[in-house]
There are 2 protein chains.
Amino acid sequence: MTVTIYDVAREANVSMATVSRVVNGNPNVKPSTRKKVLDVIERLEYRPNAVARGLASKKTTTVGVIIPDISNIFYAELARGIEDIATMYRYNIILSNSDQREEKEIQLLDNMYGKQVDGIVLMSEQVTEELLDKMGHSPVPIVLAGSIDQTQEIPSVNIDYLQAAYEAVNRLIDNGHKRIAFVSGPFTSTINREYKFAGYKRALEEAGIELDDNLVIANEDSYDSGIEDWSELSKLENAPTAFFAGSDELAIGIIHGAQDAGKKVPDDIEVISFENSKLARMVRPQLTSVVLPLYDIGAVSMRLLTKFMNKETVEDGIVILPHRIEERDSVK
Amino acid sequence: MTVTIYDVAREANVSMATVSRVVNGNPNVKPSTRKKVLDVIERLEYRPNAVARGLASKKTTTVGVIIPDISNIFYAELARGIEDIATMYRYNIILSNSDQREEKEIQLLDNMYGKQVDGIVLMSEQVTEELLDKMGHSPVPIVLAGSIDQTQEIPSVNIDYLQAAYEAVNRLIDNGHKRIAFVSGPFTSTINREYKFAGYKRALEEAGIELDDNLVIANEDSYDSGIEDWSELSKLENAPTAFFAGSDELAIGIIHGAQDAGKKVPDDIEVISFENSKLARMVRPQLTSVVLPLYDIGAVSMRLLTKFMNKETVEDGIVILPHRIEERDSVK
DNA sequence: GTGAAAGCGCTAACAA
DNA sequence: TTGTTAGCGCTTTCAC
């Protein structure tokens with residue numbers, strides 16, 4: 001039924017080894033026999049069996065990608081960066097959703113080890129002890145994309161979230177605000193809790209503004225949550241005049257909440273976001289936002305992984321990409 | 001180094017065959033030996049090699065997913081549905097982006113055949129002759145998700161786009177509009193050209209409204225395009241008073257274009273969308289929209305594929321899911 | 001209920 | 001430059 005390397009060898013009057021050589025581009029083949037083999041391959045429509053190849057060579061040219069949720073625009077963008085570079089280096093991607101559950105992450109790692117992937121790109125908002133341990137025993141290289149392992153044991157690609165948050169909040173402080181809220185996604189996320197929040201605190205501290213716990217809300221990371229958070233915050237006796245939002249959805253929720261209550265942005269309140277997805281331009285006013293280069297983070301992660309898979313020596317496995325603030329209209 | 005089935009067999013004093021049986025849940029194993037084997041498996045941390053298994057059994061428990069662009073929220077939602085059901089049936093997904101290029105789609109099909117996937121879910125806005133031909137010669141079952149093959153040769157999962165468009169436009173006609181624009185994504189997409197447009201035409205025709213070519217624009221499917229399209233349409237001497245948008249981004253672009261020009265929605269113009277992504281609630285006014293159940297389309301596609309992979313007999317390979325219109329505030 | 005043995009389709013020494 | 005020959009780790013008859 002299916003044509004194998006053996007069929008090609010027979011038809012071309014050469015050995016399997018020779019066919020294997022031409023298929024794999026090995027230069028040690030006389031041009032005339034190469035041509036002969038190539039002709040037979042075309043005639044028979046021979047297509048190498050990657051599974052057999054994987055078993056024999058112990059390399060599958062596929063990498064595993066563990067992602068919290070591919071339907072989340074944030075992660076989808078990361079995934080695209082990963083896939084593009086994977087394709088460039090001739091790898092396929094096995095993609096699985098973890099829903100951010102440690103148990104699922106670990107099970108997926110095992111599953112991927114079983115599938116003999118050559119490497120893994122993992123995204124997780126919370127790299128737990130147990131997950132770290134599992135990764136430490138991985139038979140293949142792993143790179144974290146847009147995810148923080150505070151022990152720095154696992155290679156990773158990120159931006160300097162703390163510094164970026166610091167700059168964002170300063171942008172607000174520079175406009176004279178004293179009552180600045182931090183509306184964040186859940187603090188179970190290491191990045192939210194240990195970096196963005198820390199940047200927020202540092203900025204306030206340096207400006208001599210006392211931290212007010214009432215002004216920080218770490219709820220869900222969603223549009224609805226942004227609306228709720230605004231509602232809650234606006235009821236404060238000493239309500240905030242500026243908002244540092246942890247994501248675009250949160251920022252838009254805040255803006256719509258405020259607008260629905262008759263407030264003007266940025267005249268009455270100012271909002272700075274942290275993400276800069278395509279959503280940032282799809283609101284009025286458009287969002288001033290920290291640019292999180294998700295595609296690049298994904299792409300660089302995959303590139304880094306190819307180096308590890310090639311056993312190249314990597315100078316620094318912890319890479320920090322540059323960030324910047326895109327000025328639009330939600331901040332004066 | 002790695003522990004194989006042979007190691008387990010030796011340690012447990014049984015044959016490879018027996019280990020294989022317990023690993024695969026074959027009932028023909030005495031409970032006591034099953035336990036003995038299971039213990040050794042645990043002690044040695046044995047993990048079956050899926051590649052070897054695939055070679056021997058000719059089944060890889062992985063399915064290929066060919067998608068135009070995973071970073072597109074539309075397709076990401078579809079992909080999530082696919083992946084969830086795949087996981088439920090113990091399949092892994094190999095995900096590749098085609099960027100909607102026929103050449104890439106065909107190359108990806110070949111690549112996936114080579115990887116010995118057990119089945120394929122394909123998404124494509126335009127199922128060409130050549131692609132159809134390639135799929136016709138597929139060694140494994142293929143299902144189209146949210147994609148139309150007009151020859152109906154390939155199983156597929158969709159909604160009744162024509163009817164849905166028809167209903168959407170009637171929603172506008174019922175409000176008294178005579179000048180109704182159709183702002184669409186590219187007409188290279190079969191669904192846009194042959195179904196949504198046809199539904200639009202039918203509704204107008206039945207209402208005795210003459211089709212005005214100036215009122216249909218099939219540009220890019222993006223927010224910016226929506227803004228541009230509004231701008232162009234609003235300059236007409238006899239400008240439209242209502243808009244049927246092919247997607248949420250387009251609808252939001254139209255609304256923002258109009259609002260930036262001082263128009264009120266839905267007082268001055270009304271807009272109905274076709275998608276109902278999470279974006280639909282993230283504008284003011286929120287979008288009235290045809291509900292395109294993307295997640296379900298993905299899920300049902302994968303479920304259908306599992307049936308084919310199991311060689312179950314399927315009554316009807318062309319499945320049409322129900323749709324409805326979600327009423328919100330962009331239409332009175 | 002269990003084992004022996006023959007592949008699955010290919011790569012990679014090693015020889016020639 | 002080319003061929004021979006072991007495997008890679010597992011499933012699957014077929015016997016017993």
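Throughout, protein chains are lettered first and strands after them, A, B, ... in sequence-line order, and every chain is numbered starting at 1.
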Criterion salt bridge (Lys or Arg N to Asp or Glu O under 4.0 Å) on A/Glu11 and A/Arg43, from CA distance to verdict = CA-CA 10 Å; A/Glu11 291 289 312; A/Arg43 179 157 61 78; 3.3 Å; yes

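- Distance CG (A/Asp7) to P (C/dC10): 9 Å, rounded to an integer number of Å.
- If you take CD1 of B/Ile5 and P of C/dG3, they are 12 Å apart, rounded to a whole angstrom.
- Counting atom types as modelled, B/Arg34 pairs no side-chain N or O with a base atom of C/dG1 as donor and acceptor under 3.5 Å.
- Between C/dC10, C/dT11, D/dT2, one nucleotide has an atom nearer to the side chain of A/Asn49 than all others, and that is C/dC10.
- Between the side chains of A/Ser124 and A/Gln100, at least one donor N or O sits under 3.5 Å from an acceptor N or O.
- Applying the 3.5 Å distance criterion, the base of C/dG9 shares no donor-acceptor pair with the side chain of A/Arg47.
- Here D/dG7 presents its P atom at 15 Å from CE of A/Met16, a figure rounded to the nearest Å.
- The separation between B/Lys36 atom NZ and C/dG1 atom C1' is 12 Å, rounded to whole Å.
- Residue contacts shown for A/Val14 are limited to sugar-phosphate atoms, with no base heavy atom under 4.0 Å away.
- Of the two residues near DNA chain D, B/Pro48 and B/Arg21, the one whose nearest nucleotide lies more 5' is B/Pro48.
- Regarding contacts with the backbone of C/dG9, every side-chain N or O of A/Arg53 stays at 4.0 angstrom or more from both OP1 and OP2.
- Within the structure, a side-chain polar atom (N or O) of B/Lys58 is placed less than 4.0 Å from OP1 or OP2 of C/dG9.
- Taking only side-chain nitrogens and oxygens, A/Thr18 never comes nearer than 4.0 Å to OP1 or OP2 of D/dT1.
- Remark: B/Ser15 is in phosphate contact with C/dG3, judged by side-chain N or O atoms under 4.0 Å from OP1 or OP2.
- A straight line from CG of A/Leu55 to C1' of C/dA12 spans 13 Å, rounded to a whole angstrom.
- Rounded to an integer number of Å, the gap from CD1 of B/Ile41 to P of D/dC10 is 10 Å.
- Regarding B/Asn28, its CG atom lies at a distance of 9 Å from the P atom of C/dT2, rounded to whole Å.
- Residues A/Lys115 and A/Asp110 are not paired through a salt bridge, judged by the lack of any N-O separation under 4.0 Å between the basic side chain and the carboxylate.
- Regarding contacts with the backbone of C/dT11, a side-chain N or O of A/Ser20 is found under 4.0 angstrom from either OP1 or OP2.
- Atom OH of B/Tyr6 and atom P of C/dA5 are 12 Å apart (whole Å).
- Between B/Lys36 and B/Asp39 there is no salt bridge, since none of the side-chain N atoms of the basic residue sits less than 4.0 Å from a carboxylate O of the acidic one.
- Inspection of the B/Tyr295 and B/Asp84 side chains reveals an N or O donor paired with an N or O acceptor under 3.5 Å.
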